[in-house]
S.K.: 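The following block contains the structure, expressed as structure tokens.
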Amino acid sequence: MIEKFNTIVSQAVPLPIENVDTDQIIPARFLKAVERKGFGENLFRDWRYRKDGSPNPDFVMNNPRYTGNILVAGKNFGSGSSREHAAWAVYDAGFRVVVSSFFADIFKNNVLNNGLLPVQVPEGFLEEMFATIDKNPTAQFEVDLEKQTITNLLTGNGTHFEINPYKKECLLKGYDDIDYLLNLTAEIEAFEQSK
Amino acid sequence: MEPKTLFDKIWDAHVVNKIEGGPSVLYIDRHFIHEVTSPVAFSGLEKRGLKVFRPQNTVATPDHNVPTLEQHLPIREELSRNQVETLTKNCEKHGIPLYGLSHKWHGIVHIIGPELGITQPGMTIVCGDSHTSTHGAFGSIAFGIGTSEVEMVFASQCILQPKPKKMRINVEGNLAPNVTSKDIALYVISQISTSGGTGHFIEFAGSAIRSLSMEARMTLCNMSIECGARGGMIAPDETTYAYLKGREYAPNGKEWDRKVAEWKQLVTDEGAIFDTEYTFQASDIAPMITYGTNPGMGIAVDGTIPTGDSLAGSDKATFIKSLDYMGLKPGEKLEGKKIDYVFIGSCTNGRIEDFRQFAQYIRGKQKAPWVTAWIVPGSKQVEQQIREEGLIEILEAAGFALRQPGCSACLAMNDDKVPEGKYAVSTSNRNFEGRQGPGARTLLASPLVAAAAAVSGVITDPRD
């Protein structure tokens, strides 16, 4: 089971950098746990902390002006490694939505499997989001999964986003893929016999 | 009958079920696992009270964080040791074949699968590692998955996957001497960008691809993820069969003949439709090297770094941030630039052919005194071959030492870390910020370009 996804209204944290790869989201040296916990503190580790371990005041997550559970990132977010630790880190750090104009495939699958919603928006809408947050960090955004819309509540502008209907259902109801597959065992065994 | 692509033929033969408006339930023939992305999947499975559904279709090896020296001793670093021990325990509990550190078949998961003949044409293959695309070189559908998906395959030997779009990349003509499949990969990514393949599965075709060895094909398919594609594949042919024949898990006797007849059907039919198609000329490809912090930022080794003048907005900001990290300037030449480290190895270039090329170049020369070189075979079998073929003597005479197999400096989860600010010419697959260690500056290249740099201590064109 994953956490059910309801409509979210929140401020957003801007990360206007392109091609943010999974090694930036969580560096390989933090992948050594055998349990799924504590990855949030190492999200964007090498950008977020200085070498001595103190917070880097220039990084957006260390700026108290920016808060909320929507992360807004430049295009091609999540490229590179298949490490699901990247999705866990984003989720554990409190985000429930990631907005970008383009996502890498494996990362998109991974976030969807963890109750985190990837919202792909047109380039222009993304630019407007960055501009809005820059001028007014407390601006609110609404993400409605049922209607598949994201709305900039300050400007009133909104846009539709795509999501696979099956994955939408899973997120709304909190189902995961394994629940679905386990119901198919007989069919899978029949498939193996027919091969 | 409607003409079909190679990809469609294999995909369609593995669909157990299709969810209306949703993903397909795809049956998985082979599931490779390693120590980093499997433990949470095993514990998830146990929480549901399940056992691995088809342990005999699963193969395990620890590779990501193993040391490349003194592998006979317990791993010193506690977290790494714990992950490797957890893999061993999980494999014992679930009856999964494991090629551990002391095993003669140990190695990087994407090296040992093919060399043991576990990887075969027409299969669906997954692993919790993005470079699973390597196995596509045999004409299989192979792709990297996340840990939730590893758990899915454990639980049901199936995975829910949306069908990707299809792309064909043709490379025609003859490669010039000293140009390798690594250069094809870096060239193609520099042309179509690191997101050019997103949403697609690539078939590599054309005369230049046909003439590649299996090792070279694996290097190319391995790098297909670096242009964002789910995977890359090459139709099997006589080169594929010759490589596979006689390997440990390859079919034999009558079964071999039956299989080969089946594999011969694994071609894209004339007239089959691709969503996207590119054609490149092999003669346009030079030995390549990267200058930035993603694999698409590549140039010919004797070329100049782009000025970035044509870029604007966030593209420009990203370009400048990248060059700042690398300590390089727009419009600068890389040739002649001093380097500090050389890494030969990884699932990209850790096969025997890579070490043969490296050894051939350095034979009779000497390593530059200021260069630290990590020469890391992809597997125990590759290590053995390096010894048997006498390459070890060539390496040692030139001042290089051979290490033990593992992923090593490709992602620096073990001790093989490039220090901050140092330049490494690396035959691995990613030059992301901090990939080879915090602050490390990675220049991706072929084993030949790396050999030339190791000997001269500066970036050097191996054609000179």
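What you are looking at is a predicted structure, and each value in this text was computed from that prediction instead of being measured.
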S.K.: For residues B:Asn431 and B:Thr442, report the shortest heavy-atom separation together with the two atoms involved.
M.R.: CB-O, 3.7 Å
S.K.: In terms of the angle between their ring planes, are B:His64 and B:His34 parallel, tilted or perpendicular, with boundaries placed at 30° and 60°?
M.R.: parallel
S.K.: Tell me which of these, B:Asp129, B:Thr37, B:Leu45, has more heavy-atom pairs under 4.5 Å with chain A than the rest.
M.R.: B:Asp129
S.K.: Below 4.5 Å, heavy-atom pairs only: which of B:Leu50, B:Ile19, B:Leu411, B:Val25 has the largest tally toward chain A?
M.R.: B:Ile19
S.K.: In terms of heavy-atom pairs under 4.5 Å with chain A, which of B:Gly21, B:Gly144, B:Cys127, B:Gly44 leads?
M.R.: B:Gly21
S.K.: Heavy atoms only, distances under 4.5 angstrom: which of B:Gly296, B:Gly228, B:Ser130 has the most pairs with chain A? Name it, please.
M.R.: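 Of the options given, most contacts go to B:Ser130.
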S.K.: Could B:Glu78 and B:Arg81 be called an ion pair, given the rule that one side-chain N must be under 4.0 Å from one carboxylate O?
M.R.: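 So B:Glu78 does not pair with B:Arg81 through a salt bridge.
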S.K.: How about residues 167-195 of chain A versus chain B: which residues have heavy atoms under 4.5 Å apart?
M.R.: A:Asp176, A:Asp177, A:Ile178, A:Asp179, A:Tyr180, A:Leu181, A:Leu182, A:Leu184, A:Thr185, A:Glu187, A:Ile188, A:Glu189, A:Phe191, A:Glu192, A:Lys195
S.K.: Checking A:Lys75 against chain B: side chain, backbone, both or neither under 4.5 Å from a heavy atom?
M.R.: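 Contact with chain B is through the side chain of A:Lys75 alone.
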S.K.: How long is the span from the CE atom in B:Met152 to the CZ atom in B:Phe53, to the nearest 0.5 Å?
M.R.: 15.5 Å
S.K.: Taking atom types as modelled, is there a side-chain donor on A:Thr155 or A:Glu128 under 3.5 Å from an acceptor on the other?
M.R.: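 Short answer, yes.
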S.K.: Using heavy-atom distances under 4.5 Å, tell me whether B:Ala317 contacts chain A through its side chain, its backbone, both, or neither.
M.R.: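 Nothing of B:Ala317, per the 4.5 Å heavy-atom cut-off to chain A.
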S.K.: Using a 4.5 angstrom heavy-atom cutoff, name the option from A:Asn109, A:Asn114, A:Asp46, A:Ile17 with the most pairs to chain B.
M.R.: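 When all of A:Asn109, A:Asn114, A:Asp46, A:Ile17 are compared, A:Asn109 has the most.
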S.K.: Whether A:Arg96 engages the ring of A:Tyr91 as a cation-pi pair (distance to the six-membered ring centre under 6.0 angstrom, angle to the ring normal within 45°) should be assessed.
M.R.: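 Ring-cation test returns yes.
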S.K.: Pick from B:Thr318, B:Ile225, B:Leu160, B:Leu79: which one has the most heavy-atom pairs with chain A under 4.5 Å?
M.R.: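 When all of B:Thr318, B:Ile225, B:Leu160, B:Leu79 are compared, B:Leu160 has the most.
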S.K.: Quick check on the interface: out of B:Leu87, B:Asp315, B:Asn429, B:Ile145, who has the most heavy-atom pairs with chain A under 4.5 Å?
M.R.: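 Most pairs with chain A among the choices: B:Asp315.
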S.K.: Less than 4.0 angstrom from a charged side-chain N to a carboxylate O is my criterion; do B:Lys321 and B:Glu433 meet it?
M.R.: yes
S.K.: Which bit of B:Val84 is near chain A, if near means a heavy-atom gap under 4.5 Å: side chain, backbone, both or neither?
M.R.: neither
S.K.: Do B:Asp29 and B:His14 have side-chain N/O donor and acceptor atoms under 3.5 Å apart?
M.R.: yes
S.K.: Quick check on B:Arg430 against chain A: is it the side chain, the backbone, both or neither that has a heavy atom closer than 4.5 Å?
M.R.: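 Contact with chain A: side chain only.
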S.K.: Is chain A contacted by the side chain of B:Gln161, its backbone, both, or neither, given a heavy-atom distance below 4.5 Å?
M.R.: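 For B:Gln161, the contact with chain A is made by the side chain alone.
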S.K.: Please flag which part of A:Phe107 lies under 4.5 Å from any non-hydrogen atom of chain B: side chain, backbone, both or neither.
M.R.: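 Neither part.
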S.K.: For B:His135 and B:His110, take the angle between the two ring planes, folded into 0 to 90°, and tell me which bin it lands in: parallel under 30, tilted 30 to 60, perpendicular over 60.
M.R.: perpendicular
S.K.: For A:Lys4, is the NZ atom crowded, meaning more than 12 foreign heavy atoms sit under 6.0 Å from it?
M.R.: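 For A:Lys4, atom NZ is not crowded (no more than 12 foreign heavy atoms under 6.0 Å).
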S.K.: Does NZ or CZ of A:Arg45 lie under 6.0 Å from the centre of the six-membered ring of A:Tyr49, at an angle within 45° of the ring axis?
M.R.: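 Satisfied, under 6.0 Å and within 45°.
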S.K.: Are A:Asp144 and A:Thr149 close enough that a side-chain donor and a side-chain acceptor fall under 3.5 Å?
M.R.: no
S.K.: Check B:Glu420 with A:Lys51, please: is the shortest side-chain N to carboxylate O separation under 4.0 Å?
M.R.: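 A salt bridge links A:Lys51 with B:Glu420.
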S.K.: For A:Asn69 and A:Ser10, does a side-chain donor sit closer than 3.5 Å to a side-chain acceptor?
M.R.: yes
S.K.: What do you reckon, is CZ of B:Arg76 surrounded by more than 12 foreign heavy atoms closer than 6.0 Å?
M.R.: no
S.K.: Using heavy-atom distances under 4.5 Å, tell me whether B:Pro295 contacts chain A through its side chain, its backbone, both, or neither.
M.R.: neither
S.K.: Answer with side chain, backbone, both or neither: which region of A:Asn113 has an atom nearer than 4.5 Å to a non-hydrogen atom of chain B?
M.R.: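 Answer is both: backbone and side chain atoms of A:Asn113 are under 4.5 Å from chain B.
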S.K.: Measuring heavy-atom distances to chain A, does B:Ser156 have an atom under 4.5 Å in its side chain, in its backbone, in both, or in neither?
M.R.: both
S.K.: Please classify the contact between B:His131 and chain A as side chain, backbone, both or neither, with a heavy-atom cut-off of under 4.5 Å.
M.R.: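 No part of it gets close to chain A.
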S.K.: Could you please state which residues from residues 18-42 of chain A sit under 4.5 angstrom from chain B, measuring non-hydrogen atom to non-hydrogen atom, sorted by number, or 'none'?
M.R.: A:Glu18, A:Asn19, A:Asp21, A:Asp23, A:Gln24, A:Ala28, A:Arg29, A:Leu31, A:Lys32, A:Ala33, A:Val34, A:Glu35, A:Arg36
S.K.: Pair B:Gln436, B:Ser426 - check side chain to side chain donor-acceptor pair (under 3.5 Å), show working.
M.R.: CA-CA 9 Å; B:Gln436 296 194 288; B:Ser426 177; 3.1 Å; yes
S.K.: Given that the side chain runs from C-beta out, which part of B:Ser148 has a heavy atom under 4.5 Å from chain A: side chain, backbone, both or neither?
M.R.: both
S.K.: Could you tell me whether B:Phe154 and B:His31 have their ring centroids closer than 6.0 angstrom?
M.R.: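 That pair passes the under 6.0 Å test.
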S.K.: Verify the distance criterion only: is there a donor paired with an acceptor across the side chains of B:Asn222 and B:Thr348 at less than 3.5 Å?
M.R.: yes
S.K.: Need one label for B:Asn90: side chain, backbone, both or neither, based on atoms under 4.5 Å from any heavy atom in chain A.
M.R.: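 Neither part; nothing is under 4.5 Å.
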